[in-house]
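Below is one structure, written out as structure tokens, with a few remarks after it.
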Amino acid sequence: MSWSDLSKEEKKRRRKRSNIIVSIVLIALLLAGFLLFHPLTVTHNLNMLTEKGYYNPVSVGDYSLNLLKFGNENGNHKIVALAGFDVGDSSVSMRKMTAELEIDNQVIFLDRAGYGASDDTKADMHVGTIVEDYRTALRNANVEAPYTLMAHSLAGVYASYWVSQYPDEIDSVILLDTTWLLDENAEDNVTSMVISQYLQFLAAKTGLVDLLMPSSVDGTKEEKKTAKALTSMTMDSCALISEVKLEPNNIKDTLDVLSPNDIPKLYIQCGKELPDEARKNLERYTDRLGNCQIALLDSGHLMYLEKPDESGKIIRDFLDENTTLNP
């Protein structure tokens, strides 16, 4: 019997049955992503990163952080790169910017919990916890202070807390278009960001990210593959959800301990120019840090991808000056 010969009731019944079957198939595929595809992809990625030398876990207690060293071990500075929020591939994506820095300095990419090949955790990502994890990982990896902190975006909160609480461990701080620590930012509503992070978490767990997400790095085939693996292993992390939820509290808690000191600092602000009101707000933050230069760079937020040579030169000039002043 053809479709046209069926009664309306029979057509409706068959459409309903087809919709149920399609729904069952979709649910089965999602479950397969949760239970099979994504876990297998994570295992494959971890093996690949290990083979390429991008996996070096260092215990900080209940979990491990991934710590990678590049450059001159006996150089002028030990630059500790702290990634911005949800950037799991910094050890690949920042390397064009740090290439020149690595000649005279050691650059250490230290991923916090949930990022890249670091372990995930359900612990609260309080600013104090994050900084203690960083410090413990460096000690356990035999990387001795003092450090140059190079933080991007949200990681500026953690660098500011670190330099305020443990100034003896820091010889300089570089802030790459980082979050401004202002009282009003401690009152931000992060509900939409939390929802977005949960959706990203689900998309990653079902394997959609593994299948559909392109690499953020414009490099060789191997660089793209490595960056994509590190990003995929970041997007399914509970730690990032906690980090979003606690962002206003972490800003407030950092403001509570923030105090000016003489440690040299550099803030690189992205954009062609900074309006007067914005400049005043930025200076409110940098004044509370103390001894902080401000440099403007005509670039978007991801300066290390968009303007790697220019941003690298600004950083190198700052470090060279700091080395001259503090031999």
Pairwise side-chain contact, N66 with L49, heavy-atom cut-off 4.5 Å (strictly under)
no
Do L181 and V257 share a hydrophobic cluster, counting only Ile, Leu, Val, Met, Phe, Trp and Tyr and linking them when any side-chain heavy atoms are less than 4.5 Å apart?
yes
Is the shortest heavy-atom distance from the side chain of E102 to the side chain of R95 under 4.5 Å?
yes
Electrostatic pair K96:D309 at N-O distance under 4.0 angstrom:
no
Given the rule in the salt bridge (charged side-chain N to carboxylate O under 4.0 Å, His left out) test, do E132 and R135 qualify, once you have shown the distances and angles that lead to the verdict?
CA-CA 5 Å; E132 287 307 312; R135 298 175 68 233; 3.0 Å; yes
Set out, in order, the CA-CA distance, both residues' side-chain angles and the distance that settles side chain to side chain contact (heavy atoms under 4.5 Å, CB included) for L305 and M94, then state yes or no.
CA-CA 7 Å; L305 289 178; M94 279 192 175; over 6 Å; no
Answer yes or no: is there a donor N or O on one side and an acceptor on the other, between the side chain of T43 and the main chain of P39, under 3.5 Å?
yes
Starting at CG of L266, measure out to CG of L176 and round the result to the nearest 0.5 Å.
8.0 Å
Side chains of Q200 and D86, donor plus acceptor under 3.5 Å
yes
What's the spacing between E223 CD and D89 CG if we round to 0.5 Å?
11.0 Å
Are E144 and K78 ion-paired here, with the side-chain N under 4.0 Å from a carboxylate O?
no
Is the shortest heavy-atom distance from the side chain of K265 to the side chain of L175 under 4.5 Å?
no
Mind listing the closest non-hydrogen atom pair of A83 and A155 along with its distance?
O-CB, 3.2 Å
Salt bridge between E243 and R112, side-chain N to carboxylate O under 4.0 Å?
yes
Are the side chain of S242 and the backbone N or O of C238 linked by a donor-acceptor pair below 3.5 Å?
no
What distance separates S90 OG from L110 CG, expressed to the nearest 0.5 Å?
9.0 Å
Just jot down the salt bridge (charged side-chain N to carboxylate O under 4.0 Å, His left out) partners of R139, sequence neighbours excluded, or say none.
none
With heavy-atom distances below 4.5 Å as the criterion, would you say the side chains of V80 and L138 are in contact?
yes
Do S172 and T148 pair up side chain to side chain, a donor and an acceptor below 3.5 Å, judged on atom types alone?
yes
Can you find a heavy atom in the side chain of Q197 that is under 4.5 Å from one in the side chain of F85?
yes
Are the side chain of N261 and the backbone N or O of S164 linked by a donor-acceptor pair below 3.5 Å?
no
Using distance alone, with no hydrogens and no angle criterion, decide if S118 and Y63 have a side-chain donor and acceptor under 3.5 Å apart.
no
Taking every heavy atom of T191 against every heavy atom of N189, the minimum-distance pair comes out as OG1-OD1, 2.7 Å
Could you please spell out the steps behind the side chain to side chain donor-acceptor pair (under 3.5 Å) verdict for S160 and Y285?
CA-CA 10 Å; S160 298; Y285 169 33; 2.7 Å; yes
Between atom CD1 of I315 and atom OG1 of T98, what is the distance when rounded to the nearest 0.5 Å?
8.5 Å
Out of curiosity, does I195 fall in the hydrophobic cluster containing M193 (side-chain heavy atoms, cut-off under 4.5 Å, transitive links)?
no
With a 3.5 Å cut-off and no angle check, do the side chains of H152 and D177 form a donor-acceptor pair?
no
Using the rule given for side chain to side chain contact (heavy atoms under 4.5 Å, CB included), can you reason through Q165 versus V131, listing the C-alpha separation, both sets of side-chain angles and the distance that settles it, and then say yes or no?
CA-CA 10 Å; Q165 290 289 77; V131 170; over 6 Å; no
Provide the closest heavy-atom pair for A151 versus G156 in the form atom of the first, atom of the second, distance.
CB-N, 3.8 Å
Please answer: with hydrophobic residues joined when any side-chain heavy atoms are less than 4.5 Å apart, are I103 and M150 in the same cluster?
no
In this structure, are over 12 heavy atoms from other groups packed under 6.0 Å from E184 atom CD?
yes
When the ring planes of Y54 and F70 are compared, do they come out parallel, tilted or perpendicular, using 30° and 60° as the limits?
tilted
Donor-acceptor under 3.5 Å (S59 side chain, G61 main chain):
yes
Let me confirm one number: the CG-CD distance from L297 to E306, rounded to the nearest 0.5 Å.
9.0 Å
Sidechain-backbone polar pair: N72 side chain, D104 backbone, donor-acceptor under 3.5 Å:
no
Work out which heavy atom in L65 is nearest to a heavy atom in A137; give both atom names and the distance.
CD1-CB, 4.1 Å
Can you tell me how far SG of C292 sits from CD1 of I174, rounded to the nearest 0.5 angstrom?
11.0 Å
As a quick check of understanding, evaluate side chain to side chain donor-acceptor pair (under 3.5 Å) for D253 and H126, giving each step before the final call.
CA-CA 9 Å; D253 290 345; H126 180 265; 2.7 Å; yes
Determine the minimum heavy-atom distance between N250 and M125, stating which atoms define it.
ND2-O, 3.1 Å
Indicate if L246 and I241 have the same hydrophobic cluster label, given that clusters are the connected sets of ILVMFWY residues with side-chain heavy-atom separations under 4.5 angstrom.
no
For the student: nearest non-hydrogen atoms of K307 and S299, plus distance:
CG-CB, 3.6 Å
Side chain to side chain contact (heavy atoms under 4.5 Å, CB included) for T178 and V157? Distances and angles first, verdict last.
CA-CA 8 Å; T178 59; V157 176; over 6 Å; no
Side-chain touch T286/I294, heavy atoms, less than 4.5 angstrom:
yes
Check against side chain to side chain contact (heavy atoms under 4.5 Å, CB included), N281 and L182:
CA-CA 8 Å; N281 286 332; L182 303 173; 4.0 Å; yes
Non-hydrogen side-chain atoms of L282 and L274 separated by less than 4.5 Å
yes
Is the backbone of W180 close enough, under 3.5 Å, to the side chain of N185 for a donor and an acceptor to pair up by distance?
yes
Taking side chain as C-beta onward, heavy atoms only, is T121 less than 4.5 Å from D62?
no
Begin with the C-alpha distance, continue with both residues' side-chain angles, and end with the deciding distance and a verdict on salt bridge (charged side-chain N to carboxylate O under 4.0 Å, His left out) for E187 and K252.
CA-CA 8 Å; E187 304 298 328; K252 180 182 182 300; over 6 Å; no
Within 6.0 Å of NZ in K69, more than 12 heavy atoms from elsewhere:
yes
Please step through salt bridge (charged side-chain N to carboxylate O under 4.0 Å, His left out) for the pair K313 and E100, ending with a clear verdict.
CA-CA 8 Å; K313 184 179 186 307; E100 287 295 312; over 6 Å; no
Would you check if the side chain of N322 reaches a backbone N or O of F318 as a donor-acceptor pair within less than 3.5 Å?
no
Give a yes or no on whether the backbone of L46 and the side-chain of T50 come within a donor-acceptor separation of less than 3.5 Å.
yes
Quick one: does any side-chain atom of Y147 pair with a main-chain N or O of V143 as donor and acceptor, under 3.5 Å?
yes
